Amino acid sequence: MAIDQHPESIQKNIRFQKRRNLEPTIDELYQGVIQGNRSYLARAITMAESNSEQHFQKAQSLLQKLLPNTGKSIRIGITGVPGAGKSTFIEAFGMHLCNQGFRVAVLAIDPSSSISGGSILGDKTRMEQLSKHPLAFIRPSPTAGKLGGVHRKTREAMLICEAAGYDVILIETVGVGQSEVLIRDMVDFFMLLVLTGAGDELQGMKKGIMELADAVIVHKADGANKLKAEKTRQEYNRILHFLQPATKGWETKAYTCSSLTNEGIGELWQMIQSFEEAGKASGVFEARRKMQAREWLYSIIADQLHYQFYHHPQVKAELPKLENQVIAGEMTVASAANALFRLFMEHKQ
Ligand SMILES: Nc1nc2c(ncn2[C@@H]2O[C@H](COP(=O)(O)OP(=O)(O)OP(=O)(O)O)[C@@H](O)[C@H]2O)c(=O)[nH]1
Ligand SMILES: [Mg+2]
């Protein structure tokens with residue numbers, strides 16, 4: 001039977017079935033995302049995360065269309081050493097927000113994902129309730145690829161979630177060096193989760209990381225650990241007092257909370273709301289977003305240049321020889337680099 005001989009509702013279904021395996025158009029993705037359809041949201045993010053050139057172009061057209069619908073959420077970054085309880089905290093904090101009617105998107109940045117090939121973060125087992133909540137959307141870390149690393153992809157996923165109407169974006173990243181700086185550049189509010197009994201650790205903790213934070217959370221402040229947590233909080237406050245605050249006009253302080261008992265979770269959300277209000281009133285909030293967009297542009301240019309250079313056929317062919325000459329002390333570093341750049345410029349692709 002021809003499709004137009006069926007009643008209209010069935011026709012629709014058949015068309016849907018037929019197209020189910022086809023890739024949605026940019027317009028379908030756009031409509032789906034702004035209507036908050038989770039399946040389209042997930043497909044749009046998958047497209048932005050894809051390493052295929054064709055998907056990259058399509059995702060860019062989609063993002064361009066979505067851009068006016070982005071920017072309305074509060075973007076919160078959460079870092080801390082492995083086991084600090086980041087995922088458990090996101091579960092408790094996210095549930096607190098969802099129960100107040102906020103829509104919460106959870107993204108993860110796993111800088112090692114290009115090596116391990118999978119995500120160790122954003123684990124749904126630690127976010128059992130949240131992953132089932134209709135107001136929450138959880139997305140594991142993308143893997144790095146040739147068209148930019150995990151940071152570009154996470155940034156774009158964040159914009160797509162905003163266009164889909166999510167009010168709060170939580171980004172989890174494991175605290176191991178460089179990733180904190182990169183995540184700081186994409187969020188409005190950045191929190192560092194720490195543990196108690198960190199006396200020595202406190203001394204050795206990199207000042208740089210604490211200077212990126214808008215709040216230091218002494219986590220797992222429950223049971224026998226509660227008193228210790230309070231002491232640790234005071235120690236952190238003493239140190240923070242001497243450090244440069246991350247956000248102009250905002251004093252970075254230490255707080256305690258427990259994701260098991262939920263104690264302190266509500267207060268943290270109130271504190272973040274005060275941060276947003278104060279920053280919006282003073283203009284600091286908007287100024288940071290503008291600076292982040294500007295820096296993002298330069299980082300994408302740098303990524304692209306890096307990629308183009310190292311994938312340039314002549315450069316690829318010559319690089320090992322020149323590298324050997326440099327190592328053998330037969331050629332200076334600068335002249336080897338110059339020779340490669342000449343090849344890159346002369347043989348434009
Ligand atoms: N007592 C107590 N334990 C907690 C709390 N939050 C997390 N934990 C425990 O700490 C352990 C680590 O928690 P995760 O949430 O997986 O920690 P994480 O920082 O996300 O770890 P990675 O993703 O591996 O970096 C788990 O065994 C949790 O049950 C808390 O508030 N109190
Ligand atoms: Mg985790």
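Keep in mind it's a predicted model, so treat the numbers as computed, not measured. What's counted below: heavy atoms across the whole structure, side chains too, no hydrogens, waters or symmetry copies. All ligand and atom numbering here is 1-based and tracks the order in the structure.
Ligand 1 lies within reach of Glu172, whose nearest heavy atom is under 4.0 Å from it. Gly80 does not count as a contact of ligand 1, since none of its heavy atoms falls under 4.0 Å from the ligand.
Counting just the N/O/S atoms of Glu172, the one with the shortest distance to the Mg ion (ligand 2) is named OE2.
Residues Phe309 and Phe341 place their aromatic rings such that the two centres sit under 6.0 Å apart.
In terms of polar-atom proximity, defined here as any N/O pair under 3.5 Å, Gly85 does make such a contact with ligand 1. Taking only nitrogen or oxygen atoms, main chain and side chain alike, Cys257 does not reach within less than 3.5 Å of ligand 1.
Take Lys280 and apply the salt bridge (charged side-chain N to carboxylate O under 4.0 Å, His left out) test, not counting sequence neighbours, and it matches Glu276. With sequence neighbours excluded, the residues forming a side chain to side chain donor-acceptor pair (under 3.5 Å) with Lys226 are Glu263, listed by chain and number.
The ligand atoms of ligand 1 that sit less than 4.0 angstrom from a heavy atom of Ser259 are 30 (C), 31 (O). If you number the atoms of ligand 1 from 1 as listed, the ones under 4.0 Å from a heavy atom of Ser258 come out as 31 (O). Listed by number with element, the atoms of ligand 1 under 4.0 angstrom from any heavy atom of Pro82 are 25 (O). Under a 4.0 Å criterion applied to the non-hydrogen atoms of Ala84, ligand 1 contributes the atoms 19 (O).
Heavy atoms of Asp222 found under 4.0 angstrom from ligand 1 belong exclusively to the side chain.
Within the 4.5 Å cutoff, the side chain of Glu162 has no heavy atoms near those of the Lys72 side chain. Annotation: side chain of Ile160 is in contact with side chain of Leu63 (closest heavy-atom distance under 4.5 Å).
No more than 12 heavy-atom neighbours from other residues, nucleotides or ligands sit within 6.0 angstrom of CD on Gln54.
In this structure, the separation between CE on Met158 and OG1 on Thr70 is 8.5 Å, given to the nearest 0.5 Å.
Taking only non-hydrogen atoms, the option from Thr88, Asn262, Asn225 nearest to atom 28 (C) of ligand 1 is Thr88.
The Mg ion (ligand 2) has an N, O or S atom of Ser87 under 2.8 Å away, backbone or side chain.
Classified by interplanar angle (parallel below 30°, tilted 30° to 60°, perpendicular above 60°), the ring pair Tyr166/Phe137 is tilted.
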